[in-house]
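See structure below.
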Amino acid sequence: MPDSVWQKALDRMAKRVDQTGPQLKGAFPHHADPVTGEWTTTPDGDWTGGFWPGMCWLAARSTGGARYRRWAGEWAERLRPRAGSDTVFRGFLFYYGAALGDVLFGDASAREIALEGARQWAKTYNPNAGCFPLGDAAEEASDVGQGEASIDTVQGAALLVWAAQAANEPAWRNLAVFHARRHIEFCIRPDGSVCQSASFDPVTGELKRRYTHKGVSDESTWARAQAWAILGYALMHQWTGEPDFLEVAGRTADWWIAHVPASRVAYWDFDAPVGPETEHDSSATAIAAAALLKLAAAQKDEQRRKEYRAAAEATARVLVEGYLDARGILDRGCYSKRINLATRSELIWGSYYLFEALHVLAGKLEANRI
């Protein structure tokens, strides 16, 4: 697609940012009714609070708009109290919500906030298990606490790698690498498909069971878990250069490409019975598009680079043409089919990742910058 097409889609999403900002009244956008555009919000950001300031940081980057930069800083500040919350999803909150401000703008306040989130999170590492547990306050999990893990958390480890450089704390990088490697054992199946979650003994670190807590069954491949794996390992390779992370990112991406429907938009679970009413998940698909762009940028082999880039462009194209409306709303995200929560909705993380992908495709951002 011509750059102008990506830019027009980017402009549509920027208008949605413009519309969203004034209506929030101090609460973080979570998911929205695609008909009315009205957001369901959370006072503390839940696990998704970093994605809204992340969109503002990106909008400030691509437009130079002072309002977006101001919004980003204000919402990053609202995340500060979450630094001490016992949840592994601090990785999401402080990477997108604050670290992006330092990476893209050298913003000193955002840097301080992100470092505080990383510093507090680093204290929760379990050396026996070689990972960070979900934590007792983790959001959106059926089982939480000190003996649970999830593939969703590998991406967040990039916060610690960034923070290790920013604060000259090399031990934090090691913790992030250990965490990501343990989740290969926990969650990556031999064929490249992904099991979302794992239980382990917090004393011995022994793996007790694998399960997919948000999928159609414990053994299924939930679409967002597959997408999180591609993104998490591509991002961890981007920040660390570790070759095994690139291999896992490629293996999980290849599985996605081989199993996604011909439309390129995933159903909410790859094992869900397919019929006219089966929900797709535009948010999982947007995560995959952003991840494939990172994976393409990391390839030394030119043919592989072209293949992943083509898959990313084709994926973004179907989202722009079939799921992104004139108001900049990305429709048909499926938050949680298991509990029938926001199963055909705009989801703030889906919007963020499509927005990020469009920045790359429109030439406004290097895929391996954030």
Side-chain angles (χ1 to χ4, degrees), residues 1-20 29 31-37 39 51-52 54-59 61-63 65 68 96 223-224 226-228 230-231 234 253 256-257 260-268 279-297 306-335 342-367 369-370:
M1 290 174 72
D3 288 350
S4 61
V5 175
W6 300 125
Q7 183 62 52
K8 288 177 180 177
L10 194 59
D11 292 344
R12 268 188 276 165
M13 295 199 77
K15 288 181 181 178
R16 178 60 169 159
V17 173
D18 294 340
Q19 188 271 335
T20 295
H31 55 85
D33 183 329
V35 176
T36 66
W39 285 99
F51 293 113
W52 165 244
M55 292 187 77
C56 293
W57 291 121
L58 286 177
R61 162 82 177 191
S62 58
T63 69
Y68 300 127
Y96 292 107
R224 209 146 72 237
Q226 193 74 30
W228 285 135
I230 307 167
L231 177 72
W256 175 285
I257 292 168
V260 76
S263 68
R264 291 190 181 269
V265 179
Y267 290 105
W268 72 278
E279 287 86 351
H280 289 83
D281 187 5
S282 63
S283 78
T285 307
I287 295 166
L292 287 165
L293 288 168
K294 292 181 179 298
L295 192 53
K306 288 180 178 178
E307 289 172 356
Y308 286 131
R309 177 76 182 203
E313 291 187 7
T315 302
R317 183 174 65 247
V318 298
L319 290 175
V320 166
E321 293 178 347
Y323 291 75
L324 185 69
D325 72 14
R327 299 167 296 170
I329 290 176
L330 180 62
D331 194 2
R332 285 173 281 172
C334 185
Y335 192 159
T343 58
R344 298 172 185 264
S345 298
E346 178 184 20
L347 306 174
I348 187 61
W349 62 91
S351 296
Y352 169 83
Y353 286 111
L354 181 58
F355 201 47
E356 180 187 299
L358 289 172
H359 273 78
V360 174
L361 293 168
K364 302 291 186 181
L365 181 74
E366 300 87 353
R369 182 70 187 277
I370 59 174

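The figures here come from the full heavy-atom set of this structure, side chains too, leaving out hydrogens, waters and symmetry mates. Sequence positions, counted from 1, serve as the residue numbers for this chain.
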Side-chain heavy atoms of Glu346 within contact of Asp331, under 4.5 Å = no
message = Between Leu324 and Leu319, is there a side-chain heavy-atom distance shorter than 4.5 Å?
response = no
key: Any side-chain heavy-atom pair of Met55 and Ile348 under 4.5 Å   = yes
inquiry  = Are Phe355 and Arg16 packed together at the side-chain level, in the sense that at least one heavy-atom pair is separated by less than 4.5 angstrom?
reply    = no
Close side-chain approach of Tyr96 to Trp57, heavy-atom, < 4.5 Å = no
Donor-acceptor under 3.5 Å (Arg224 side chain, Tyr335 main chain) = yes
query = If you take all heavy atoms of Leu330 and Ala286, which pair is closest and at what distance?
reply = CD2-CB, 4.3 Å
query = Is there a side chain to side chain contact (heavy atoms under 4.5 Å, CB included) between Val320 and Trp6 once you walk through the steps?
reply = CA-CA 8 Å; Val320 166; Trp6 300 125; 4.3 Å; yes
key: Trp39 and Thr20 side chains, donor-acceptor separation under 3.5 Å   = yes
query = Are any side-chain N or O atoms of Arg264 and backbone N or O atoms of Arg317, one a donor and one an acceptor, separated by less than 3.5 Å?
reply = no
inquiry  = Looking at every non-hydrogen atom in both residues, tell me the closest pair between Trp256 and Ala266 and how far apart they are.
reply    = CH2-CB, 3.6 Å
ask   = Is there a side-chain contact between Leu361 and Arg309, using heavy atoms and a 4.5 Å cut-off?
value = yes
remark   = So CH2 of Trp349 and OH of Tyr352: to nearest 0.5 Å the spacing works out to 15.0 Å
key: Min side-chain heavy-atom separation Tyr353-Leu231 under 4.5 Å   = yes
query = With a 4.5 Å heavy-atom cut-off, do Leu292 and Ile257 have their side chains touching?
reply = yes
request  = Give a yes or no on whether a salt bridge exists between Arg61 and Glu366, defined as a side-chain N under 4.0 angstrom from a carboxylate O.
outcome  = yes
note = Partner of Ser62 under side-chain hydrogen bond (donor to acceptor under 3.5 Å, both in side chains), picked from His359, Gln7, Lys364, is His359
